[in-house]
Chemist: 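Got a structure for you, questions after.
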Amino acid sequence: MPPQASAPQLARDFVVETVSAWQLQESEEAVALITSELVTNAVRHAGTEVTVRIRKDASEITIDVADGVADRVPRVSSSDASIPGGVGLLIVGRLAESWGVERRRNGKSVWVRLALDSTADRL
């Protein structure tokens, strides 16, 4: 999707529709929030096309957001609530089982894994 202000909403719609088709409605909120944070970061900091992938296996959901900038790796900022912005990855870290960044030849991918049995409990 293009790096526009509408990208996070388009990505949320896509992942919620997918999770609903998998009949995993209890995971919708966490998946939507994480996807929104990752896509917002990609649009804001990379400014390139963004690709969102979601997959599941027996025990987890993996969300993968890729952009075209390899040298701008996301970092967790201060948790100081008085500083505007910068808490998105703190939220992602609290909801996720694990997350990380994979550099690619043409950019990077930020991935997040959510355990299927605990996503609703973390919200």
Chemist: Would you check if L95 and L33 make a side-chain contact, meaning some heavy-atom pair closer than 4.5 Å?
Modeler: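 With C-beta onward as the side chain, the pair touches.
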Chemist: Set out, in order, the CA-CA distance, both residues' side-chain angles and the distance that settles side chain to side chain contact (heavy atoms under 4.5 Å, CB included) for V69 and K108, then state yes or no.
Modeler: CA-CA 6 Å; V69 178; K108 70 176 164 307; 4.2 Å; yes
Chemist: Taking all non-hydrogen atoms of both residues, which atom of A66 and which atom of R104 are closest, and how far apart?
Modeler: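 Scanning both residues completely, I find the closest heavy atoms to be CB-NH1, 3.8 Å.
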Chemist: Using every non-hydrogen atom in the two residues, find where A58 and L116 come nearest and quote the distance to one decimal.
Modeler: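 In this case the closest contact between A58 and L116 is O-CD1, 3.7 Å.
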Chemist: At what distance, to the nearest 0.5 angstrom, does OG1 of T62 lie from CD1 of I54?
Modeler: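 T62 atom OG1 to I54 atom CD1 measures 8.5 Å (nearest 0.5 Å).
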Chemist: Looking only at heavy atoms, which two atoms of S27 and I61 are closest? And how far apart?
Modeler: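 Scanning both residues completely, I find the closest heavy atoms to be CB-CD1, 3.9 Å.
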Chemist: Say you draw a straight line from OG1 of T35 to CD of E28; how long is it, rounded to the nearest 0.5 Å?
Modeler: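 So the gap between those two atoms works out to 11.5 Å.
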Chemist: Do any N or O atoms from the side chain of T18 and from the backbone of F14 form a donor-acceptor pair under 3.5 angstrom?
Modeler: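 Present.
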Chemist: Taking side chain as C-beta onward, heavy atoms only, is S98 less than 4.5 Å from W111?
Modeler: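 In contact.
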Chemist: Answer whether the closest heavy-atom distance between the side chains of T48 and P3 falls below 4.5 Å.
Modeler: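 The answer is no, as the side chains (C-beta and beyond) never meet within the 4.5 Å cut-off.
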Chemist: Taking atom CD of Q9 as the centre, report whether more than 12 heavy atoms of other residues, nucleotides or ligands fall under 6.0 Å from it.
Modeler: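 Yes, CD of Q9 has more than 12 neighbouring heavy atoms, counting only those of other groups under 6.0 Å.
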Chemist: Using 0.5 Å steps for rounding, measure from the OG atom of S59 to the CG atom of L114.
Modeler: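 Between atom OG of S59 and atom CG of L114 there are 11.0 Å.
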Chemist: Looking only at heavy atoms, which two atoms of V50 and A42 are closest? And how far apart?
Modeler: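 V50 and A42 have their closest heavy atoms at CG2-CB, 3.8 Å.
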Chemist: Side chains of R53 and T51, heavy atoms from C-beta outward: is any pair under 4.5 Å?
Modeler: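 Result yes, sub-4.5 Å side-chain heavy-atom pair found.
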Chemist: Tell me the closest heavy-atom pair linking P2 and A7, and the distance in Å.
Modeler: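 Taking P2 first and A7 second, the nearest heavy atoms are O-CB, 3.7 Å.
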Chemist: Quick one: CZ on R12 to CD on E29, what's the gap to the nearest 0.5 Å?
Modeler: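 One finds 12.5 Å between CZ of R12 and CD of E29.
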Chemist: Is R113 salt-bridged to E97, cutoff N-O under 4.0 Å?
Modeler: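 No, R113 and E97 are not salt-bridged.
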Chemist: Which is it for V16 and V31 under the side chain to side chain contact (heavy atoms under 4.5 Å, CB included) test, yes or no, and what are the steps along the way?
Modeler: CA-CA 7 Å; V16 166; V31 168; 6.0 Å; no
Chemist: Should N41 and V110 count as side-chain neighbours, where that means a heavy-atom distance under 4.5 Å?
Modeler: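 No. Closest side-chain heavy atoms not under 4.5 Å.
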Chemist: To check you understand the geometry: which heavy-atom pair defines the closest contact between A70 and G107, and what is its length?
Modeler: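 Of all heavy-atom pairs spanning A70 and G107, the closest is CB-O, 3.4 Å.
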Chemist: Once rounded to the nearest 0.5 Å, what's the spacing between atom CG of L10 and atom CD of Q4?
Modeler: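 Between L10 CG and Q4 CD, I get 8.5 Å after rounding to 0.5 Å.
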Chemist: Walk me through it: do S109 and D64 pass the test side-chain hydrogen bond (donor to acceptor under 3.5 Å, both in side chains)?
Modeler: CA-CA 6 Å; S109 169; D64 182 276; 2.4 Å; yes
Chemist: Going from CG on L38 to CH2 on W99, what distance comes out if it is rounded to the nearest 0.5 angstrom?
Modeler: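 Reported value, rounded in 0.5 Å steps: 8.5 Å.
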Chemist: Taking the side chain as every heavy atom from C-beta outward, state whether V52 and M1 have any pair of such atoms under 4.5 Å apart.
Modeler: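 When only atoms from C-beta onward are counted, M1 and V52 do touch, with a gap below 4.5 Å.
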